Amino acid sequence: MNAFLAVIGRDLRLALRQRSDVALVVMFFVLTGAMFPLAVGPEPNLLARIAPGVTAVAALLAVLLSLERLFLADYEDGNLELLALAALPLELVALAKVAAHWLTTGLPLVIAAPVIALLYDMPADGLAVTLLALALATPSLSLIGAVGAALTLGARRGGVLIPLLVLPLYVPILIFAVSAIDAELAGLTALPNLLLLAAILAFALPFTPIAAAAALRQALT
Amino acid sequence: MNAFLAVIGRDLRLALRQRSDVALVVMFFVLTGAMFPLAVGPEPNLLARIAPGVTAVAALLAVLLSLERLFLADYEDGNLELLALAALPLELVALAKVAAHWLTTGLPLVIAAPVIALLYDMPADGLAVTLLALALATPSLSLIGAVGAALTLGARRGGVLIPLLVLPLYVPILIFAVSAIDAELAGLTALPNLLLLAAILAFALPFTPIAAAAALRQALT
Amino acid sequence: MTMHRFANPGRFMRFADRALPWTLGAMVLCLGAGLYLGLFVAPPDYQQGESVRIMYVHVPSAWMALFVYTNIALASAASLIWRHPLADLVAKASSPIGAGFTFLALATGSLWGKPMWGTWWVWDARLTSVLVLFFLYLGHMALMNAFDDQARGRKAAAILALVGFVNVPIIKFSVDWWNTLHQPASVLRLDGPTIHSSMLWPLLLMALGFTFYYVTLLFIRVKSDLLAARARALEVAALQAGE
Amino acid sequence: MSLFEGKDLTCIRAERWVFQGLDFTLAAGEALVVIGPNGSGKSSLLRLMAGLIRPAAGQLTWCGQALEEAAHRSRLHYLGHLDAVKPVLTAREVLNGWASLRGASAERVPEALDRFGLTELAELPCRLLSAGQRRRLALARLLATPAELWLLDEPSVGLDKESQGRLAAVIAQHQAGGGRVALATHEALDLEDPRQLDMGALTPPAAPELVW
Amino acid sequence: MSLFEGKDLTCIRAERWVFQGLDFTLAAGEALVVIGPNGSGKSSLLRLMAGLIRPAAGQLTWCGQALEEAAHRSRLHYLGHLDAVKPVLTAREVLNGWASLRGASAERVPEALDRFGLTELAELPCRLLSAGQRRRLALARLLATPAELWLLDEPSVGLDKESQGRLAAVIAQHQAGGGRVALATHEALDLEDPRQLDMGALTPPAAPELVW
Ligand code: HEM
Ligand SMILES: Nc1ncnc2c1ncn2[C@@H]1O[C@H](COP(=O)(O)OP(=O)(O)OP(=O)(O)O)[C@@H](O)[C@H]1O
Ligand SMILES: Nc1ncnc2c1ncn2[C@@H]1O[C@H](COP(=O)(O)OP(=O)(O)OP(=O)(O)O)[C@@H](O)[C@H]1O
Ligand SMILES: [Mg+2]
Ligand SMILES: [Mg+2]
């Protein structure tokens, strides 16, 4: 436990060493969100239609971008060996790193989501669900992404390989998140979709760290 | 000249050593394109409306993702010093690396674009212009992106910093590319927008390598 | 930062100390007069009504957004060409201020947009390009702090500022090049201003006041940066004495 | 008396035979110096000992029992070719982090820094450290938390004369305390009665290419 | 006779004074061995000589003239702490690539590989090479294309005894051919009448003259 927190603390310190770092993910999120109106044109009603989708996709991509460095840096500078030899099993190390990753990536995105909602002037109730959906979705994104990140260690262009491995697994999350928001905006209940998101999270939480750890061991031999 | 080609050849060999690498960018491009129908729902007319925008954005993001590794690998393993001491000025080295980057990223995207056009069943003439627009836009993306990639060497979280620096500069390219396609689809002429794209390229070609080289020198001190 | 040789910050400090009270006073005067004229003397617009008074904040801040970025670009050029460390500091101190002005232009603009265009935000060329400018500022600030070695961050940011400068003319002339909701320039145009003097005066006074505000803040921030640098130098000296 | 022992070990990396039929024993207080030409398998052997890679054949035992992963992890320090130093953290933070990773407190960190002459540099971000200073920081890890078995891959690389002396002293002290150390090196280090294991003297693997 | 000379050099890295008032001369056929404790500035000096970083004060001259960038680049080989070896390329490809980067043909590559005993490893992807094998490959660069001035940062790190001999021989031959070499090292290398530059003996940089 002690060591578990140590890993989280270590990664948090690394990320927060420059306060700007966290801001960066958020900015990417907002920038991508801001890009679509430029791309699809300014009609407000069209924008309103795609707002939920864009929010989800932008969040998803922001997480994707931040994934590559999740293990790569430690792998390249020899820290991964040390982590593998640390006092706690590699599965927990992986879980701890994912937790830190979410705290520095997923959480800020949830907090920043209102900005995008504003750019597309989304109604307030829709915003509430959006936040809820993101809060449930982003941890799963980090967990699943960690597996991809671990698998691609050693492969060059990991930056592109990870999305390839991970995106298909992200699709259900994406769909449920968007449907939840759409349902709310359409005046229906978002609950079922939110529950599905929760289910995915509950499922990913125990298993992905095991997979990630296995991949990390491979990378070390 | 000889050495210039040598740099290109070197990077091409590195990229093609794992043939998958090029495929990866393309797949990311297609996957992102495929994600939006899932995100915004299946109405054909809506999809038709956003098709050009999505194509452009997907291409832009694919390039963006591949940017980080452009100089980073060489920087971390000590090759950048050797390149800086090569027989040709650093500006040309940068230009050569950009050329290689385009050949392994931009060009494949252009070739793969029809797939997305097909996903959104875009009319043939629209496709022609799409290809033209991408062919003119992607080199500029690589050129401008190179500056961002070089500037962020040694900075942590380069993967997220690069988009923040580069996306704002990408905006005009994005807009002109999309407007070109939209114009064509609306039965108007795409020519003026295509010319604007060409102008941007002509402007970026001489200047961005200089900026990139300056940034690389900074990174080496 | 190799202050030790190339610059004489001492001189700058003395100058800043002497100039500060004046710029401060000028700022208060201009802003006071400008606000008074703008809010109470100047007539309401025959079609926009009272809401036109937003202009007296919106327009100057928009101008400043462009002006400050231009300054940053110039300072960056100076730092890259003549390696003058003060230029670096000016650029570093300017970007947060410029970002502030840009945000003000955006905020007041969209406040104005609600009554005029019926929406907070439209994705037209002028508005978008200003939004881009805002992100350029953010990028500049982020890059500035992205390195452990401050000198490296400064140089990198300088290069970025020069590259990003291409956006400024785009913003300025977006309204002329593309047909947008936003109205074209009526003050800063080659063939002279075309708005009534009762509106022009408060506008110019506000612009002047904003400029003095910028200069004042610039002096203060650069001064504090120099002091920080000095503190760091002392610290390093202590460390190396230990080695 | 407890013995760390390897019997008839075979190592295959990327389908290439590195060595085969290798035996070693390492008793408390002993130092095992692994020498041999480049590519003879010194690093591979140390990674085997650390449990980072598994032997293709043969087995590792700790006082008779086959290695129990968690227990083995917690009793060893491994120092590879890479320094595992984070450029953005200060020397002290690196050591503290490592200590807490091992579930230990940071009380020994100051002494560890001191033993390798890093006290003055403790507050600098590591990217400002020179190659040898980094190496010394990596070595300071050995003292930051206690461990019975040290596995050191060319520990003295990049160290100046003085630091090499410090290293020798530290190792000697470790042995005196009943600790054991296995290290690969090309340079002569003065250790207390080292036993040598010459990888060059092993029967060389069949061929440098693939062997199916 | 042409002289590579540095006068009153000051080096500042990340706001920290590394050394000041350093002079050196390097004539054709000479070897300059830079020694000194970790962090004394050996690598920094070599990077200065290579033109990778600019001196904060003082100047570098080549037979009297201030350095002309392009010319200087083409006349030197720089070998840093990093091996600059691409894991996915084979040893031969790495050298060929480097040769053509220097605008030279690849004719000398086979000999270069041979001189450092890499011939049988030439077709392996470099990720399979051991630390010392990588270092040898980095060294082979020196022979892959001719260059008058060699700047070597701890070239012998990780080399086995035999390879150290090869290195010494290669350097001696280079000097005999009128080439000049400046190298930083902590180990004793047997060179032809080396001149020593002890960074440790320099007057340590005074506390930097403050901002004001
Ligand atoms: C967020 C939305 C807006 C942004 C980003 C924005 C941006 C700008 C910028 C950059 C300028 C400087 C133009 C120049 O120097 O040539 C400007 C000037 C101006 N803006 Fe806006 N604007 C916005 C909304 C509005 C609205 C809603 C109105 C009123 C209908 C308005 C009225 C003006 C006027 C009258 C000027 C002065 C033009 C001149 O005389 O030069 N703006 N704005
Ligand atoms: N990349 C860098 N950026 C800033 N400062 C650095 C950098 N590398 C080293 N330094 C500083 O410069 C000083 C000299 O470093 P340098 O690497 O030249 O020493 P060195 O003599 O090569 O040491 P070693 O024998 O360990 O290689 C060190 O004290 C270090 O603090
Ligand atoms: N990461 C790796 N993957 C696959 N094979 C490897 C790897 N590293 C080394 N090898 C192979 O294993 C053999 C032994 O490598 P090892 O690093 O153990 O040698 P070494 O004795 O440590 O050499 P050095 O003295 O240069 O460090 C080498 O011939 C090399 O081809
Ligand atoms: Mg080894
Ligand atoms: Mg060094």
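Please read all numbers here as calculations on a predicted model, not as lab measurements. To find a chain, count down the sequence lines: A is the first, B the second, and so on, and within it residues start at 1.
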inquiry  = Does E/Arg75 have more than 12 heavy atoms from other residues, nucleotides or ligands lying within 6.0 Å of its CZ?
reply    = yes

CG of E/Asp160 to NZ of D/Lys42, rounded to nearest 0.5 Å, is 7.0 Å

If one checks every heavy atom of D/Ser163 against chain E at 4.5 Å, the contacting part turns out to be side chain

Greater than 12 external heavy atoms within 6.0 Å of E/Asp190's CG: no

- Message: When you compare the side chain of E/Arg13 with that of D/Leu128, does any pair of heavy atoms fall below 4.5 Å?
- Response: no

| What do you reckon, is CZ of D/Arg195 surrounded by more than 12 foreign heavy atoms closer than 6.0 Å? | yes

Tightest non-hydrogen contact, residues E/Glu187 and D/Glu187, listed as OE2-OE2, 2.8 Å

With chain D, the option among E/Glu123, E/Arg127, E/Lys161, E/Arg134 that has the most non-hydrogen atom pairs under 4.5 Å is E/Lys161

Do E/Asn38 and D/Arg135 have side chains that approach each other closer than 4.5 Å (heavy atoms only, starting at C-beta)? no

Checked D/Leu129, D/Val157, D/Leu159, D/Ile35 vs chain E; the most non-hydrogen pairs under 4.5 Å come from D/Leu159

d(E/Ser130 OG, D/His81 NE2) to nearest 0.5 Å is 7.0 Å

Bottom line for E/Arg136: the part with an atom under 4.5 Å from chain D's heavy atoms is side chain

D/Gly158 and E/Glu154 have their tightest heavy-atom pair at CA-OE1, 3.4 Å

